[in-house]
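Since this is a predicted model, take the numbers as computed values, not measurements.
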Amino acid sequence: MHRATHRTLLRLCAGLALAAAGTGAHAIERIAPQVDTSALPAQARTWAEPNPLRGNAQAIAIGQSAFNQSCARCHGADANGSRSPAPDLRRMGKVCLRIEDAALRQRCQGDADAFFIKSLRWGKQKFGIVHMPPWDGVIAPELAWALRSFVEAAPAQPSARP
């Protein structure tokens, strides 16, 4: 590609990104879920990994309700992100389950937990375009861990309904 053409394309892309940012196309409304997390264990009230609520049925139910209130718009109802504009979160950390060594599997899950929490708290932004807003201050740690627990437990394929 000719240098001048390449520079023109780069300027065009940058201009489109700025135009989208200026029109509010990047604005994603954060809606705080209305759920009661008071019954969740106290150790979940911190951002420290790994997920202290992994496998907790009550946390999974709370996470599902919160997810469908605040996250489903972008990530799909019940975390079925297969046809959603945002990534399918059910895939995050699934490779860890195939690791036979328990200590290594736990480290892998901890890394996936850290990525999830970092993304949730600080959001995702590329080239000045917000792909996911930051949720820090909107979602408390125990709710974030309940969301993570739900996403981990969500089935990879939606169940067939009669």
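In plain terms, the two heavy atoms of Leu97 and Gln109 that are nearest each other are CD2-NE2, 3.6 Å. For the residue pair Gln34 and Gln69, the shortest heavy atom distance occurs at N-OE1, 2.6 Å. Shortest non-hydrogen contact noted between Ile62 and Asp36 is CD1-O, 3.5 Å. Closest of all the heavy-atom pairs between Ala79 and Asp88 is O-OD1, 3.6 Å. Taking all atoms of both residues into account, the shortest heavy-atom contact from Arg148 to Met92 is NH1-O, 3.6 Å. Closest non-hydrogen pair, Gly93 versus Ala112, comes out as CA-CB, 3.8 Å.
Judged purely by atom type and a 3.5 angstrom limit, Trp135 has no side-chain atom pairing as donor or acceptor with the backbone of Ala140. Remark: side-chain polar atoms of Arg45 are paired, donor with acceptor, to backbone N or O of Leu40 under 3.5 angstrom. A donor-acceptor distance shorter than 3.5 angstrom exists from the side chain of His75 to the backbone of Pro87, with no hydrogens or angles considered. Not a single donor-acceptor pair under 3.5 Å links the side chain of Arg90 to the backbone N or O of Ala154. Side chain of Arg30 to backbone of Val138: no donor-acceptor contact under 3.5 angstrom is found. A donor-acceptor contact shorter than 3.5 Å links the side chain of Lys94 to the backbone of Glu152. Ser149 places a side-chain N or O within 3.5 Å of a backbone atom of Leu53 that can act as its donor or acceptor partner. With hydrogens and angles ignored, the 3.5 Å screen pairs a side-chain donor or acceptor of Asp113 with a backbone N or O of Asn51.
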Does Asp78 form a side chain to side chain donor-acceptor pair (under 3.5 Å) with Gln64? I'd like the steps, not just the answer. CA-CA 7 Å; Asp78 288 328; Gln64 181 177 19; 2.7 Å; yes
Checking side-chain contact (heavy atoms from CB on, under 4.5 Å) for the pair His131/Ile129: CA distance, chi angles, key distance, verdict? CA-CA 6 Å; His131 294 272; Ile129 298 171; 4.2 Å; yes
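Cluster annotation: Val130 and Ile139 are assigned to distinct hydrophobic clusters (Ile/Leu/Val/Met/Phe/Trp/Tyr, side-chain heavy-atom contacts under 4.5 Å, transitive). Hydrophobic clustering places Phe115 together with Phe67 (ILVMFWY residues linked when any side-chain heavy atoms are closer than 4.5 Å, directly or through intermediates).
The cationic group of Arg121 lies under 6.0 Å from the six-membered ring centre of Trp47 and within 45° of the ring axis, placing it in a cation-pi geometry.
Atom CD1 in Ile60 sits 10.5 Å away from atom CZ in Arg54 (nearest 0.5 Å). Interatomic distance, CD of Gln58 versus OG1 of Thr37, reported as 10.0 Å (0.5 Å rounding). Residue Cys74 holds its SG atom at 9.0 Å from CE of Met132, rounded to the nearest 0.5 Å. Here Ser84 contributes atom OG and Leu89 contributes atom CG; the two are 9.0 Å apart, rounded to the nearest 0.5 Å. The CG atom of Leu143 sits 9.0 Å away from the OG atom of Ser65 when rounded to the nearest 0.5 Å. Distance check: Cys108 SG to Ile99 CD1 gives 4.0 Å after rounding to the nearest 0.5 Å.
Side-chain contact between Pro41 and Asn56: present, with at least one pair of heavy atoms (C-beta onward) separated by less than 4.5 Å. In this structure the side chain of Trp145 reaches within 4.5 angstrom of the side chain of Glu49, judged on heavy atoms.
Enclosure of atom CD in Gln106 is not indicated, since only 12 or fewer non-hydrogen atoms of other residues, nucleotides or ligands lie within 6.0 angstrom.
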